[in-house]
Amino acid sequence: HVSESEPLMRFKTSVNITKGDLNSWRTGTDPCNGKWFGIYCQRGQTVSGIHITKLGLSGIIHVEDLKDLPNLRTIRLDNNLLSGPLPPFFKLHGLRSLLLSNNSFSGEIAADFFKDMLQLKRVFLDHNDFTGKIPTSLMQLTGLEELHLQGNQFSGEIPLLTDGNKNLKLLDLSNNNLEGEIPKSIAERNIVKMNFQGNQKLCGQPLNIICDDKPPALGKNPNEVTGKAVFMVILFLLIFLILVAIITRWKKKRQPEFRMLSKDHLSDTESVEVRMPDSVKKPVEASKKRSNADGSSKKGSTHHGKSGGGGGMGDIIMVNSEKGSFGLPDLMKAAAEVLGNGSLGSAYKAVMANGLSVVVKRIRDMNKLSRDAFDVELQRFGKLRHPNVLTPLAYHYRREEKLVVSEYMPKSSLLYVLHGDRGTFHSELTWSTRLKIIQGVALGMQFLHEEFASYELPHGNLKSSNVLLSETYEPLVSDYAFLPLLQPDNASQALFAFKSPEFAQNQQVSPKSDVYCLGVILLEIMTGKFPSQYLNNGKGGTDIIEWVQSSVAQHKEEELIDPEISSNTDSLQQMVELLRIGAVCIASNPDDRENMKEIVTRIERITI
Ligand SMILES: Nc1ncnc2c1ncn2[C@@H]1O[C@H](COP(=O)(O)OP(=O)(O)OP(=O)(O)O)[C@@H](O)[C@H]1O
């Protein structure tokens, strides 16, 4: 694939760089040899991504050149100095992600600009100077998942979102000059995060601003019009109430006690079938009978069930029955709640009647393995037993998405406890609790490194949202060893280990990348700061790496300690030692990091 170096070299010569360089791009060498800065490759063979951020990039992007990279999926040129109209990226029909945040692009974007970019999933045009209307073709993309247009000067009304789009999870249109009513096609859609703030003339339900009624038709008596309107409203209300009453009675007849776990919550097209808990067999017998009577009595899957013969119903395969095996009726009766939407998919909590609360994690695009191979991996996860590792309970396999079910942890994640609601939990994070969490995470990681010693990344996605806390603040590491399950492109987008310096510099990851992630968590806990490294746009949070490296180099470790624990003067020495261990973990060169075992031994030695 040396031939792919040519379009990239042409790209290089057409742009200017003021902070850094692209000297690692050399004519005649393979862009996938791991040495080309900012070049990502699919299976190490063909260029799939260009990530050039924060290099003071300006000049002209000749999109024609990039057309010669047939597998290019991601263009990431955010935080640069690019300006002028949006280059004709519409020529790249295979693009999945276009990230151009924080540049100075300007002017209007043609309404049909995106009409041929049918693969687009993530569009970041935020914090530029775009004007004119939001292109209608953008809202017509059925695969669009994330759209950031905030901080521009887009005006006019928001175009309708196509009904065909079932994937939009994040929509940020804040701080523009948009006006009129937010279309119902958007307001009523189940979009996990929406932001419309900072648009003076925008109204509608998501903003809690009622749109002014249109004035009554000319020539008509306003009283007459109002009277008619009131009559119509009452009529509609009556019809609506009657319909609701009929539907409720009908539903009660069919499913006397089911509170359906909304299909949407688990899968777009299928329900999920699972088994009854052994531990609650007796009380559950009754519910089994009830479900038989309802005609919804499909048998639970066996441990090794494959397609399950469920007539379109997928199986839940139990991989760990320590908490009992649960059944479809249990999940159906459970109250469901969205917990969040991470880089791999979304998570829901379901509290079952027997008291067991589970988290159903819906993971998109985990398509690397066949059903059998996936089963082998998950069965293996299900056998893991360590006090600091969360063992999944069950999974569900469909081609398009996978569900992984785990026990719900009452205190939620370390991320939430550290940065979420400071009032409630943060004050409980005393020095001794923090040390216990760090040591627990370290032991969990050591266990995973032993269990998955042959894996390129034994964990791969260690970050504070994947450290869950028990009632007593015992940490449990979750979402581990996913790399073999993911397509390389998805892995490098979704897993935190791919944010390590070695991946940015030469597209390589190793078990030492997990050590880097452990360092970030350790430093996050000790400083109490949210690491900007967790964010994709680098905006917000604290650049914990830079801060720690410079403070440690100047022997000013104490200034790093979260003021909420630094008053604990008896332990300052131990805290400083921990920070130094963290600094070793985040060394830019993986060879300068100790391995997991050595790091854990050092962390274990710290006592209060
Ligand atoms: N077993 C669990 N118990 C309690 N809360 C959980 C559990 N699993 C996940 N959560 C919560 O749900 C949120 C969303 O989880 P999810 O794993 O989908 O996203 P993430 O960790 O932010 O990103 P990623 O997809 O990269 O793992 C987490 O921040 C966490 O607070």
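As the structure lists them, so they are numbered: ligands from 1, and atoms in each ligand from 1. Along the sequence shown, residues are numbered consecutively beginning with 1. In what follows, every heavy atom counts, from backbone to side chain, and hydrogens, waters and symmetry copies are set aside.
- Counting only distance, with no hydrogens or angles, the side chain of Glu474 and the backbone of Gly440 share no donor-acceptor pair below 3.5 Å.
- Ranking protein heavy atoms by distance to atom 11 (C) of ligand 1, first place goes to Leu339 CD1, 4.0 Å.
- Closest to atom 16 (P) of ligand 1 among all protein heavy atoms lies Lys361 NZ, 3.5 Å.
- Looking from atom 3 (N) of ligand 1 to the surrounding protein, the closest heavy atom is Met409 N, 2.8 Å.
- Counting heavy atoms closer than 4.0 Å to ligand 1, residue Asn461 contributes side-chain atoms (C-beta onward) but none from N, CA, C or O.
- For ligand 1, none of its N or O atoms has an N or O atom of Ser346 under 3.5 Å away.
- With a heavy-atom cut-off of 4.0 Å, Glu407 touches ligand 1 through its backbone alone.
- At a threshold of 4.0 Å, the pair Asp514-Lys512 does not count as salt-bridged, since none of the basic side-chain nitrogens sits closer than that to a carboxylate oxygen.
- Side-chain atoms of His449 never come within 3.5 Å of backbone atoms of Leu457 as a donor-acceptor pair (strictly under, hydrogens ignored).
- Ionic pairing of Glu502 and Arg593 is present here: one or more N-O contacts between side-chain nitrogen and carboxylate oxygen are shorter than 4.0 angstrom.
- For Val359, every heavy-atom contact with ligand 1 shorter than 4.0 Å involves the side chain, none the backbone.
- Looking at atom 19 (O) of ligand 1, its nearest protein heavy atom turns out to be Gly342 CA, 3.4 Å.
- Geometrically, ligand 1 and Asn466 share a nitrogen or oxygen pair separated by less than 3.5 Å.
- Short contacts between ligand 1 and Ala347, defined as distances under 4.0 Å to a heavy atom of the residue, involve ligand atoms 14 (C), 15 (O), 18 (O).
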Could you please spell out the steps behind the side-chain contact (heavy atoms from CB on, under 4.5 Å) verdict for Ile316 and His396? CA-CA 5 Å; Ile316 278 270; His396 166 72; 3.9 Å; yes
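- The nearest heavy-atom contact from the protein to atom 20 (P) of ligand 1 is Ser465 OG, 3.4 Å.
- Atom numbering of ligand 1 starts at 1 in the shown order; those under 4.0 Å from a heavy atom of Asp479 are 17 (O), 27 (O).
- Heavy-atom separations between Tyr408 and ligand 1 include at least one value shorter than 4.0 Å.
- Remark: ligand 1 atoms within the under-4.0 Å shell around heavy atoms of Ser413 are 29 (O), 30 (C), 31 (O).
- The nearest protein atom to atom 6 (C) of ligand 1, hydrogens excluded, is given as Leu468 CD2, 3.5 Å; this is a heavy-atom distance.
- Put simply, no part of Lys411 is less than 4.0 Å from ligand 1, judged by heavy atoms.
- Side chain of Asn165 to backbone of Leu141: a donor-acceptor contact under 3.5 angstrom is found.
- A donor atom on one side chain and an acceptor atom on the other are not found under 3.5 Å apart for Gln487 and Asn367.
- A donor-acceptor pair shorter than 3.5 Å can be found between the side chains of Glu524 and His419.
- Ring centers of Tyr395 and Phe381: at least 6.0 Å apart, outside the cut-off.
- Under a 3.5 Å cut-off, the side chain of Asn388 and the backbone N or O of Pro475 do form a donor-acceptor pair.
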